[in-house]
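Treat the numbers as computed from the prediction; the structure is a model and nothing was measured. We name chains A, B, ... by the order of the sequence lines, and we start the count at 1 in each one.
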Number of protein chains: 4
Amino acid sequence: MTGPAKPQPKRLPRDKRVASILEAARTVLRDRGSEQFTTAEVAERCGTSEGTIYKYFPTRRDLLVMVAEQWFDEFLGQTYPDRADSPISERLYHAIWWALSIVRREPALTRFVLMELRADPGYRTLRIYRQNRQTVERVMKVVREGQSSGDFRADLDLNLVRDMIFGAIEHQTWAYLRGEGDFSVDASASGIADVVMRGIEVPGAAGDPVARTVKRLEAVVGRLEAKLDD
Amino acid sequence: MTGPAKPQPKRLPRDKRVASILEAARTVLRDRGSEQFTTAEVAERCGTSEGTIYKYFPTRRDLLVMVAEQWFDEFLGQTYPDRADSPISERLYHAIWWALSIVRREPALTRFVLMELRADPGYRTLRIYRQNRQTVERVMKVVREGQSSGDFRADLDLNLVRDMIFGAIEHQTWAYLRGEGDFSVDASASGIADVVMRGIEVPGAAGDPVARTVKRLEAVVGRLEAKLDD
Amino acid sequence: MTGPAKPQPKRLPRDKRVASILEAARTVLRDRGSEQFTTAEVAERCGTSEGTIYKYFPTRRDLLVMVAEQWFDEFLGQTYPDRADSPISERLYHAIWWALSIVRREPALTRFVLMELRADPGYRTLRIYRQNRQTVERVMKVVREGQSSGDFRADLDLNLVRDMIFGAIEHQTWAYLRGEGDFSVDASASGIADVVMRGIEVPGAAGDPVARTVKRLEAVVGRLEAKLDD
Amino acid sequence: MTGPAKPQPKRLPRDKRVASILEAARTVLRDRGSEQFTTAEVAERCGTSEGTIYKYFPTRRDLLVMVAEQWFDEFLGQTYPDRADSPISERLYHAIWWALSIVRREPALTRFVLMELRADPGYRTLRIYRQNRQTVERVMKVVREGQSSGDFRADLDLNLVRDMIFGAIEHQTWAYLRGEGDFSVDASASGIADVVMRGIEVPGAAGDPVARTVKRLEAVVGRLEAKLDD
DNA sequence: GATGAATGAGTGTTCATTCAT
DNA sequence: TATGAATGAACACTCATTCAT
């Protein structure tokens, strides 16, 4: 009655079965959102029974979390070019572009992570929290390196910079996540990178010696300040 | 804690009853979150029946939305000093401070608005959307005036600036909204205002760049001194 | 919010109040059907309170029944030309036409009477049952007179004739009552009258003695048969 | 009378469970009517839970409809003799008799179909609509064949004939459906068939009218004889 | 390992009716 | 006479989770 749902072989080794459930679950999460995500639909879609799902996933929530983690793994697993030679502005742009592209590619999953999981007390104990930090790191690494190279100011509150960048990313994509319209990854990334650059780069970076010295002093003081915060 | 539901007088005039329901609903929303918010508990807490609630609120969701709107009204109703005379940096700081203070005072409600309502298609048709825009406006008005006065760059993408400011506000408060720890409204506001200022103000404006950097270095050193005294 | 509902004077004499309630109730019944008929909507539409309605009508059902009765009264109160001079076929047609025109003019009310009230045990104790019988009488009177005048066969089972006529009327109007399309009162009436006429009029009405005798035999047997059914 | 709900074996194969639910549902429909038909009572009566019912029937209405369809299937499944050799009058009588016998055997279900389902917009998309048409067809087939054989007039409005026959059937059985008294399937069938025959047969057809009347008299007397033997 | 039948504690919502004011 | 606040008993429907087979 509800379509034949490819007649999966009855008995599967643990790995295959888990994989097939996760795949179906991801589809359901994409199509329905986490609110409307039911174990029944997952079972139907992967041609197994709810009982089997509960064999491998103790809880609906665990399944949902696993889907998100696996999805995140795929993104983090993609090779990410270091671009150590590119100018710092280029690298910042690219790191932001990459974060935005995740949102763009998987809105439903992003929404689930940002809105359901992140709001959950205990979020910090999840693997996805650490995965998310990795994403953040890719961007912040560039910022820190910009500081070392003297391109960016040394006295930045890095947490604040982080919050501004990722806050902007989320704000720019809310409408999209809500299903209202689209956004351009390129345009958003270059807009954010641009404002951030101006906000954090060293002003007169030109060439007079006094300015140079001041800049060096600034870097040293910045590092001192950071040490004091520990 | 829940007690025997103080035997409120049976008959109340419409206004009082509505107020009593809203009050109870707000408490439930605070205590349980919107997911676990049940009309049954609201009824019990204000010593009435679910039927009565539905007399005044056609839907669970309507009740929830009304709670949020009423709460937001309270904030918007507070007098907000114009500070037209203060320097632009002061005014920006204050506007951000004000937005942060809303979050600080009512985390549960903020969380509901940001995570449930904002994700809802149709969010834009709600009064709370307009109320939220007012909050945003208080900040953006300052930014636009800064442009008029020549303090801020004229070529800013205002939507991007908005997203960065409010994105940062939200990011800085997530942990708090999740119930993990606290944050300082003052510190957050000054941090955000600071970075934003640098990112959007006209570069060479107040004197030459070297002078400005020196001025900033002074400030940092001042803070270092203060810390050494601790 | 729901329109001002002409500000009826607060205090009305019993008659006026009852009339105003009945009027509103009829409208609601028409617009919503008896299933969706709520006392709340009636109260709102006639600008009074549910309490007042219950002052005059002990029960929702009583109100509904009163609406139907009053409506039927209006139809029965209309002058109905006797047409004693017209040919019998003409008179039969007209009587059927009249019954059909009631259905056509008030489908919602008809539907309520035919489907709700008539199915109700106790239907026979209602005034509407007697009103309905009057309608039936208008048609059957013609049939009986046709028998007296020798136009119609004397051995007719009058109840059966009645059931066929009114059964046909209802069957022809079901789709209309269901809200699916329309029907022509004229066409239906003439169709029904036509078939009925042929079925009940005296066949060859000619004069040979054998036929006469057979006809008499037929009548006798008919009566015998009827007795056996008791 | 309701007893302690015989502790049916907890686990049943799908088919058995569905059958047990349908059986219980049919009983409830019979006892309470469709208005008072609640899923809770069905669950209780077949010793299962409402949840289980909803596993198999997506909706209360679907369950109700299934009950009606299944019941109708039982009737349509019974072998129905073609009687191609019998005289047309006999065949007409029998077809009507058969339709009446359905009503007689299952008044509550008939009432549900005639009054609830038929009034439903969308009635025409239901299987029961087609099942009902089959019943109608059994009668109308005879009528059409009568036309072919020259026994019945060729200029009949078949829809009208249909409406008269089934209208009469329903009218004759209303009181019974309402639970007031009984009716005789034989008597009703022969009455209706009789009047219809006269209304639709070709006047002078098979020889002279006297012959025809005599033929009819024979038939009636034959039936009288049969009755006297009871 | 796999199944799928079973559940039961909810969930929001409805509305005729009552009765203190 | 009129009100309208209050109710409570229902009701259809949901779904994560369990467990006998």
Task: Under the 3.5 Å Watson-Crick or G-U criterion, the dot-bracket string of DNA chain E, with | for inter-strand pairs - done: .||||||||||||||||||||
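- Looking at residues two or more places apart in sequence or on another chain, you find a salt bridge (Lys or Arg N to Asp or Glu O under 4.0 Å) between D:Asp31 and D:Arg45.
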Run the side-chain donor-acceptor check on residues 50-57 of chain D: report pairs under 3.5 Å with partners two or more places apart or on a different chain.
from    : atom 1 : to      : atom 2 : distance (Å)
D:Glu50 : OE1    : D:Thr39 : OG1    : 2.7
D:Thr52 : OG1    : D:Thr48 : OG1    : 3.3
D:Thr52 : OG1    : D:Ser49 : OG     : 3.1

Open item on the list: I need a per-nucleotide contact map over nucleotides 14-21 of chain F, read 5' to 3'. Cutoff is protein heavy atoms under 4.0 Å; write B for the base, S for backbone only, - otherwise.
Closed with: BBSBBBB-
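- Put simply, A:Ser49 has a side-chain N or O that comes within less than 4.0 Å of OP1 or OP2 on E:dT3.
- In this entry the distance linking CD1 of B:Ile53 with C1' of E:dC15 reads 16 Å, nearest Å.
- The interatomic distance linking D:Glu44 (CD) with F:dA10 (C1') rounds to 15 Å, in whole Å.
- Using a 4.0 Å cut-off, no side-chain N or O of C:Arg17 falls inside it from OP1 or OP2 of F:dT1.
- Note: CG (D:Leu63) to P (F:dC13) measures 10 Å, nearest angstrom.
- When rounded to the nearest whole Å, the span between NZ of B:Lys16 and P of F:dG4 equals 18 Å.
- Under the side chain to side chain donor-acceptor pair (under 3.5 Å) criterion, D:Glu35 pairs with no residue, sequence neighbours left out.
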- [ ] Test D:Leu109 against D:Phe72 for side chain to side chain contact (heavy atoms under 4.5 Å, CB included), laying out the working first.
- [x] CA-CA 9 Å; D:Leu109 284 163; D:Phe72 228 134; over 6 Å; no
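- Atom CD1 of B:Ile21 is separated from atom P of E:dT13 by 14 Å (rounded to the nearest Å).
- Scored by the salt bridge (Lys or Arg N to Asp or Glu O under 4.0 Å) test, D:Glu116 finds no partners at all (sequence neighbours excluded).
- Under the salt bridge (Lys or Arg N to Asp or Glu O under 4.0 Å) criterion, C:Arg60 pairs with no residue at all, not counting sequence neighbours.
- Applying the salt bridge (Lys or Arg N to Asp or Glu O under 4.0 Å) criterion to C:Glu69, with sequence neighbours excluded, gives C:Arg127.
- Salt bridge annotation for B:Glu106-B:Arg111: absent, with no cationic side-chain nitrogen under 4.0 angstrom from a carboxylate oxygen.
- Rounding to whole angstrom units, CD of residue B:Glu41 and C1' of E:dG12 are separated by 15 Å.
- When the C1' atom of E:dT14 is taken as reference, atom CZ of C:Arg32 falls 15 Å away, rounded to whole Å.
- Qualifying side chain to side chain donor-acceptor pair (under 3.5 Å) partners for B:Gln131, counting only residues two or more places apart in sequence or in other chains: B:Asp73.
- When heavy atoms are screened at a 4.0 angstrom cut-off, C:Tyr56 is found touching the sugar-phosphate backbone but no base atom.
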